[in-house]
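Working notes for the structure below.
Counting starts at 1 for both ligands and their atoms, in listed order. Nothing here was measured: the structure is a model prediction, and the numbers come from that model. In this chain, numbering begins with 1 at the start of the sequence shown.
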Amino acid sequence: MEKQRENWGSRIGFVLAAAGSAVGLGNIWRFPYLTGENGGSAFILIYLVFVIFIGISVMIAEFTLGRNSGLATVGAIKSYSDRFTFVGAMGVLSAFLIMGFYPVVGGWALAYILESVTGLYSLTPDGIGDTFGAFITGGVQPVVWMLIFLAMNVLIVAKGIKGGIEKAAKVLMPTLFILLIFIAIRSLTLDGAGEGLAFIFRPDFSEVDGGTFLAALGQAFFSLSLGMGAMITYGSYLSKKENLVENAVIVTGLDVGVALLAGIAMFPAIFAFGMEPAQGPGLVFVVIPMVFAEMGGIGALFGIIFFIALAVAALTSSVSLMEVVVSYLIDQRDVQRKKAVYGTGVVMAIMAVLASLSLGVFGPLPVFNVGVFDLFDILSDKVFLGLGGMFIAIVTGWVVDKEVLRKEITNDGTVGFALFEAWHFLIKWIIPLAVAVVAIFGIIDIEETAVMLFGIAIVALLAVFSRKLH
Ligand code: PFF
């Protein structure tokens, strides 16, 4: 009983939607602050190595599994191996975890569009810092903005692939590119911009440890939307005529391009104004408005443009996260799209309310010593995506027949993939090993060991009980 499966409306629609999923808060909010915290260029270099040797290969694998099976995450993995169904379940859980904090930051971006109009840039630097601190810890306001952001997701995903996600991405993604280039040019033409460029482009390995590698690997997976089946899901809607490798390279290139562009937009300005690069998650919301404030009248305009771009980027990513859960419910549980979207939205809203309040009203959780927001972040980014990527590589390399992969990737031999053998070797041996090594050294070096071990325990439980689950 074959169901008619929806397809992307056009090639450019798919590329923009997949790039829209990849390019998000990960590039513009997270990449710059991680770079700032991890000493700059060395972190970027390690991240780029992971993107090139692990990211592109895993993306090709995800597209291939999705299109070959014609099913979203759970169904796709299950169709190759019952034993590995838990990898799909990990993906759905990752989507919930990321959507537990992502809409909170998406809501901040929305709020800051309004803040840009209502005089944020006429405040002193201290005033701007205090405004952000008071806003995110304030309780009701950030929760309301988060709910507005989540409601936008619900509206888009409820409309389905062609009518909703693809249409939105087609308009919003090109807008984002243009906006960022605009801000980067302004930043580069400030006096003293050179120091910021040196910070992100002159390698300095003095601050690198196992934690840096884990952060860079987590960021590579997070930023490329890998390790949880988002790209399996998007690939499942892809036509048999598309060149998978070419698409993976384009999407990865766009994602890295935007991250570097965000870095180039921010660091020269941060240094030009003598500000501190290691601000943490507040970087975008504190330092950037300070920069705009120093620009005089025109700053407010840049501010509005910047936060619209941030909200747009966040939205085209979060819809793909929601789609992972929704397509699972449609494919595996026979739930109607609208019902699936509303149900998923309610659960995500509850999680995100807790995450938002954890920055103010609630303190850190006992045992873990971090708040709910950080718990969701660390679990998804440092545990689930990395291990998910590792298992996706293992399933592709060890479970799926090599000739099936070759046929799918080369569209039945009609398009060439000269590096097929090298790709298969990477997927089968190098990537699982590399991820395991990074994870082990990361656990030793980072402070949040309890959270990491808790996450690994959940993965182990899922692996053991997955057959009962499905
Ligand atoms: N790639 C997105 C970003 O960089 O913001 C986040 C993300 C989306 C992660 C979808 C994972 C995912 F499946």
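Residues T252 and D255 bring no donor and acceptor atom of their side chains to less than 3.5 Å of each other. In this structure, a donor-acceptor pair under 3.5 Å is absent between the side chains of Y328 and E323.
Interface of S223 with ligand 1, defined as ligand atoms under 4.0 Å from a residue heavy atom, comprises 1 (N), 4 (O). Of all atoms in ligand 1, numbered sequentially from 1 with element shown, those under 4.0 Å from a heavy atom of Y102 are 2 (C), 3 (C), 5 (O), 6 (C). Distances below 4.0 Å separate heavy atoms of A230 from the following atoms of ligand 1: 13 (F). Counting the atoms of ligand 1 from 1 in the order shown, those under 4.0 Å from a heavy atom of S21 are 1 (N), 2 (C), 8 (C), 10 (C). Every atom of ligand 1 is numbered from 1 in the order shown, and the set under 4.0 Å from a heavy atom of G24 is 3 (C), 4 (O), 5 (O). The M228 neighbourhood of ligand 1 comprises atoms 11 (C), 12 (C), 13 (F), with distances under 4.0 Å to a heavy atom of that residue. Applying the 4.0 Å criterion to heavy atoms of L321 picks out, from ligand 1, the atoms 8 (C), 10 (C), 11 (C), 12 (C), 13 (F). Taking every heavy atom of L25 and a limit of under 4.0 angstrom, the matching atoms of ligand 1 come to 5 (O).
Counting only heavy atoms of the protein, atom 6 (C) of ligand 1 lies nearest to F222 O, 3.5 Å.
Residues F221 and S94 have side chains not in contact (no heavy-atom distance under 4.5 Å, counting atoms from C-beta outward).
Between F376 and F96, the gap from one ring centroid to the other reaches at least 6.0 Å.
In this structure, F221 does not count as a contact residue of ligand 1, since none of its heavy atoms falls inside 4.0 Å of the ligand.
With hydrogens and angles ignored, the 3.5 Å screen pairs no side-chain donor or acceptor of S223 with any backbone N or O of G26. A donor-acceptor distance shorter than 3.5 angstrom exists from the side chain of S225 to the backbone of S21, with no hydrogens or angles considered. Under the 3.5 Å distance criterion, the side-chain polar atoms of T73 are matched with a main-chain donor or acceptor of G229.
Between K240 and E408 a salt bridge is recorded (basic side-chain N to carboxylate O distance below 4.0 Å). In this structure, D377 pairs ionically with R30, as a charged nitrogen and a carboxylate oxygen lie closer than 4.0 Å.
Distances between N or O atoms of G26 and those of ligand 1 include at least one value under 3.5 Å.
When heavy-atom distances to ligand 1 are checked against a 4.0 Å cut-off, A22 comes that close only through its backbone atoms N, CA, C and O.
Nearest to atom 10 (C) of ligand 1 by heavy-atom distance, out of A19, A259, A314, S225, is S225.
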